[in-house]
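Quick notes on the structure that follows.
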Amino acid sequence: MAFMSSRNKDKFILGIETSCDETAASVLRPPKEVLSDVVSSQIDVHSHYGGVVPELASRHHLKNIVWVVDKALRDASVGLDDIGCVAVTQGPGLVGALVVGLSFGKAISATRGLALVGVNHVHAHLHAIFLEDVHIQFPYIGVIVSGGHTAIYIVRGELDYELLGQTRDDAAGEAFDKVAKVLGLPYPGGPIIGKLATQGDPNRFHFPRARLRATPYDFSFSGLKTSVINTIRSLQQSSPGDVPVADIAASFQEAVCDVIVEKALMASKDTGIGTIVLSGGVASNKRLRDLFHERCKARGISFMVPERRLCTDNAAMIAALGARLWMHGKTIGLDADVYSRGV
Amino acid sequence: MKGFKVFLKDRSQTDLVAKVIASQLAPGDVLLFMGDLGAGKTHMIREILAGLGVDKALVTSPTFAIVHTFEGGAFPCVHADLYRLGPDADLSEIGLLEFMGDGKHCVFVEWGDYLGESDKEGLPILEIWLYFSQERANLEERIIELKTEDLGWQERLGPLSDELKRGGLHIEGTHS
């Protein structure tokens with residue numbers, strides 16, 4: 001059962017993702033034909049609270065997972081008999097949320113006698129580009145920017161990920177959410193700051209860009225967050241009701257995007273790797289995409305980013321990387337556990 | 001409730017407070033951190049954990065994953081963040097309460113004011129409140145207030161403030 005046997009060669013793979021906000025399931029015909037891709041967003045629930053509420057998250061995953069998986073099978077017009085392998089996000093993420101998906105995957109695997117693979121959520125983001133109709137060669141520089149992760153990798157092969165640097169404190173998306181909250185904007189903060197920023201002056205405020213000498217590929221957004229919040233609080237005190245929200249949003253966004261692009265380009269230059277692939281929820285940010293396009297073009301670096309739907313949390317990317325793990329015989333047993341932090 | 005305030009001019013003074021607190025910690029202690037976004041809760045906990053021998057680079061914001069655990073120090077530690085749970089959260093599902101006061105782990109909780117009274121009962125809790133200076137002129141200026149109702153911590157406040165005074169820090173309030 002471990003290897004993709006001839007009996008399984010025409011079988012599909014079922015991907016399940018429950019690491020944070022979204023309960024998601026997808027059916028994929030290896031290597032890249034997405035037959036269905038169902039995402040049940042919990043953002044409506046969370047927006048009342050200014051963030052993801054993990055305790056609610058696990059409860060909602062429990063409520064959603066049966067119909068989300070069922071819909072993924074129906075949308076793909078397949079039954080469990082057509083599935084050869086179940087791929088489940090094993091980490092990193094919220095432990096209570098991950099457990100729902102992994103337990104569900106284990107149950108299907110055990111009762112149907114199917115292979116089970118555990119997928120690293122961040123690696124799946126790095127692999128998502130392979131679901132696009134693009135020609136991409138290893139190695140490439142992979143940049144993941146989301147609510148829970150900010151990291152740069154060298155991706156040397158489909159299962160070979162070398163971490164170059166990551167955030168020392170807050171993730172970029174977390175900084176967006178917290179700044180948005182102080183500005184009195186609703187959750188999630190990223191899209192709203194991005195929208196407001198288009199009307200603001202990115203040079204009105206110069207917020208700090210953290211450059212870390214000893215570990216130059218690492219990120220730090222905590223000092224930026226504090227600086228922005230201090231600016232907002234001071235303005236709220238000195239000129240209440242007249243805080244230049246759009247200018248703050250634009251200046252803050254510029255600082256985040258600037259430092260991410262700068263470090264990715266430095267990684268490309270230092271390693272001599274001429275391809276950069278961006279992914280993760282914050283990759284939907286237009287300014288970040290535009291800045292990458294602009295600066296990569298100027299340096300002759302090839303830049304790629306999957307379509308928005310594949311950048312945000314989804315199960316198609318879990319199924320896609322799961323298919324490669326399955327092919328390489330990297331299955332997990334029923335005793336496998338989830339993990340909260342990256343490896 | 002007993003305690004005192006420390007007035008800090010820059011980050012190195014904050015780090016000194018963290019180091020002195022670390023020297024007073026024992027397994028089973030629970031430290032609650034309160035303060036606005038950006039006040040430096042994560043930074044201070046990182047410095048305390050470093051004082052206990054944990055690799056600083058491992059200490060990141062737990063906002064996303066809620067609970068991080070650390071084994072590499074003098075004793076096992078837990079770094080939690082209740083920010084996203086909010087004030088009315090049911091903590092029974094996140095596994096934090098099992099660590100608090102178990103006699104083995106030292107537990108650090110950001111947004112500790114979100115804990116319910118029943119969650120805190122009988123625990124050796126030190127409250128650490130972080131404030132920006134009123135003028136917000138200097139980004140690194142902070143006021144840190146230590147408060148506790150726990151008798152064990154009240155005994156430790158004296159040595160703590162003595163050590164901070166020796167380090168040249170300005171302290172206000174009674175500790176005993």
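Letters go in sequence order (proteins before strands), and every chain restarts at 1. Values reported hereafter were calculated over all heavy atoms of this structure, with side chains retained and with hydrogens, waters and symmetry mates removed.
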Discussion item. If you count heavy-atom pairs within less than 4.5 Å of chain B, which of Lys225(A), Gln166(A), Glu174(A) leads?
Written reply: Glu174(A)
Item to complete: Please flag which part of Ser222(A) lies under 4.5 Å from any non-hydrogen atom of chain B: side chain, backbone, both or neither.
Response: neither
Worksheet item: Checking Lys104(B) against Phe99(B): charged group under 6.0 Å from the ring centre and within 45 degrees of the axis?
Response: no
Fill in: Check: Phe176(A) ring centre within less than 6.0 Å of Phe252(A) ring centre
yes
Discussion item. Using 30° and 60° as the class boundaries, would you call the ring planes of His123(A) and Tyr153(A) parallel, tilted or perpendicular?
Written reply: perpendicular
Practice prompt. Name the orientation class of the two ring planes belonging to His68(B) and Phe70(B) (parallel below 30°, tilted from 30 to 60°, perpendicular beyond 60°).
Written response: perpendicular
Worksheet entry | Under 4.5 Å from a heavy atom of chain B, the part of Lys178(A) involved | both
